[in-house]
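Some notes on the structure that comes next.
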2 protein chains.
Amino acid sequence: MPARDRPVSAAASTPDLSTRLTGEILDLIRREDLHAGDRLPSVRALAARFGVATPTLREALRRLQATGAVDIRHGSGTYVRHGRGRLVLASPVPQGLGIDSLLHLLDARTVVEPGLAAMAAERATAADLARLEDVLLDAERSFFPNDGRSARANEAFHFAVARASGNPILAETDEALMDLYAVAYAAAFPHARTRSRELHDHAAILAAIAGRNAQRARQLAHRHLEDAGADIALLLAEMGGDAAEQRTALGSGQ
Amino acid sequence: MPARDRPVSAAASTPDLSTRLTGEILDLIRREDLHAGDRLPSVRALAARFGVATPTLREALRRLQATGAVDIRHGSGTYVRHGRGRLVLASPVPQGLGIDSLLHLLDARTVVEPGLAAMAAERATAADLARLEDVLLDAERSFFPNDGRSARANEAFHFAVARASGNPILAETDEALMDLYAVAYAAAFPHARTRSRELHDHAAILAAIAGRNAQRARQLAHRHLEDAGADIALLLAEMGGDAAEQRTALGSGQ
DNA sequence: GTCCGAAAAGTGATTATATCTCTCCCCCCG
DNA sequence: CGGGGGGAGAGATATAATCACTTTTCGGAC
């Protein structure tokens, strides 16, 4: 092993190897232009490359996994997920996600997403708009009620709007809220059903963004989320007396 | 060694030891009623307790560290950081917090905080209002420009508004953004100075909240943050040509 | 020729053990 | 009584071997 020379820029601020390795790996992802789904070199290969032992490199990977930067699959490999060091993240071990939390999450999204939509209308690039259209078309194609895939396709639209806002940090924030929302929703209503109105609303929002109409985008996004709140209220009413039971079973938020 | 018997509860849902260990450790924290700052057993002790090897337990600790649940200090020990189930949090290892990120963070806060202020105006309890007043008085009392304590007292007001909104999740979200903002600001402008306008603005916002005037609270909060943006622009201009240099040195966020 | 299944290769998961470095605190020396 | 040295304890890292899972490949059966 030749002189474990550090190619890194004057690091040494933290004498913590695994901390430096996380940055090193993120740099690698950026430099090699790896995107979500791409596979990283094997643990052994990475360890050799950085001149560290495998358990050490593993610690770095675990940290990246915990923040959603990479995805580790036993027997298969390590894959890029978000690929960047996220600044705002959702707890990986959500506890106490009851109906209270679901409503709070929706409320929070109602604050954030209209802002994102407005920003997207003002700043979306041509590439952003193209991706939004792609995502919407994909959702239309894979539309089947009571299908998890369809729900995910609809989520993708919200993600795409967040990214199109041009503010990666606010986008991350919304992603964190959406992740938690999905978990809370699934826990509250195991039999999810996709409503066709989703697609319709999304199309209208896209039109407003493409038309650079920030006010309208904001309004539509706001109404879209309010409708979701109304749906939840409906579902709760349907469940009737079971609601209280459900609430307890889930361990209502703190 | 055949059929290593697991002393742990049933589990086996995820055949991933370190995943189970993270939950196990969090349970331990809860069961032993450990709070922020308390020390956990040593790595070796924990490994022995759960019947795993130290590197494996270490991976679990790294994951918890990555999400801010615990704090690991070389030579000293592992300590509880928040342990409590926060749902949205700032990365405890922020990287790439340059001036770009500072502006994005401010932008994000400009989306979130007016919403929080409006919600606080609608839903703040008497106790919330009392605390807001306390915090504001405290900030006035400890007002010294160029003092870190003064800056923190002003931050406390924003925290208090967030909590008064009645939405703990959106409050956590804003806290995460504020934490990151503070770090990014300190990195960009090491010689922080507190402006007296802060206090004045906060007093006005409190008045609007106490007066249950949601629209006005929203407006004031919005303007307050826009002013902060103008100040940053001014600081950047002051630094003149050095700005570009600074930007590079900090490693501007992607 | 095609298809299925078993084996092999590659990759992550876990173990066990040893050594190094840092922090903290106690106790001894001045 | 105060400060510094040193030891105990804690985390950090290395090494090497083995286990478990996934993917690929290749040969045999049909």
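Chain letters run A, B, ... following the sequence lines, proteins first and then strands; every chain starts at 1.
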**Q.** Out of C/dT15, D/dG11, C/dG12, whichever nucleotide has its closest atom nearest the side chain of A/S42
**A.** C/dG12
Q: Find the distance B/L40:CG to D/dG9:P and express it as a whole number of Å.
A: 19 Å
Q | Those residues that, when tested against A/D128, pass side-chain hydrogen bond (donor to acceptor under 3.5 Å, both in side chains) (two or more places apart) | A | A/T125, A/R131
Q: Report the residues that fulfil salt bridge (Lys or Arg N to Asp or Glu O under 4.0 Å) with B/E175, sequence neighbours left out, ordered by chain and then residue number.
A: B/R86
Distances for protein N/O vs nucleotides 17-21 of chain C N/O pairs under 3.5 angstrom?
from	atom 1	to	atom 2	distance (Å)
C/dT21	O2	B/H74	NE2	3.0

Q: Starting from the 5' end of DNA chain D, give me the residue, A/Y79 or B/R62, whose nearest nucleotide shows up first.
A: B/R62
Q.
Just the rounded figure in Å: distance from C1' of C/dG10 to CG of A/L46.
A. 14 Å
Q | Side chain of B/L17 - closest among D/dA14, C/dT14, C/dG12 | A | C/dT14
Q. Is the distance from OP1 or OP2 of C/dT11 to the nearest side-chain N or O of A/S76 less than 4.0 Å?
A. no
Q) Taking only side-chain nitrogens and oxygens of B/T78, does any of them come within less than 4.0 Å of OP1 or OP2 of D/dG11? A) yes
Q. Does A/H104 have any side chain to side chain contact (heavy atoms under 4.5 Å, CB included) partners at least two apart in sequence or in another chain, and if so, which?
A. B/N167, B/P168, B/I169
Q | Partners passing side chain to side chain contact (heavy atoms under 4.5 Å, CB included) against B/S91 (at least two apart in sequence or in another chain) | A | A/L89, B/V93
Q: Measure the distance from CG on B/L61 to P on D/dT13 and round it to the nearest whole Å.
A: 14 Å
Q) Separation of A/R20 atom CZ from D/dT13 atom C1', in whole Å? A) 12 Å
Q.
In whole Å, I'd like the distance from the CD1 atom of A/I72 to the C1' atom of C/dT11.
A. 12 Å
**Q.** Residue-phosphate contact under 4.0 Å: B/R73 side-chain N/O, C/dC24 OP1/OP2
**A.** no
Q) B/A156: what forms a side chain to side chain contact (heavy atoms under 4.5 Å, CB included) with it, not counting sequence neighbours? A) B/V135
Q: Round to the nearest Å and state the distance from A/E59 atom CD to C/dG12 atom C1'.
A: 16 Å
Q | Separation of C/dT14 P from B/L57 CG (nearest whole Å) | A | 12 Å
Q. Under 3.5 Å, is there a donor-acceptor pair linking the side chains of A/S76 and A/R39?
A. no
**Q.** Distance in angstrom units between A/L64 CG and C/dG12 C1', rounded
**A.** 16 Å
Q) Looking only at side chains, do B/S18 and B/R63 share a donor and an acceptor under 3.5 Å apart? A) yes
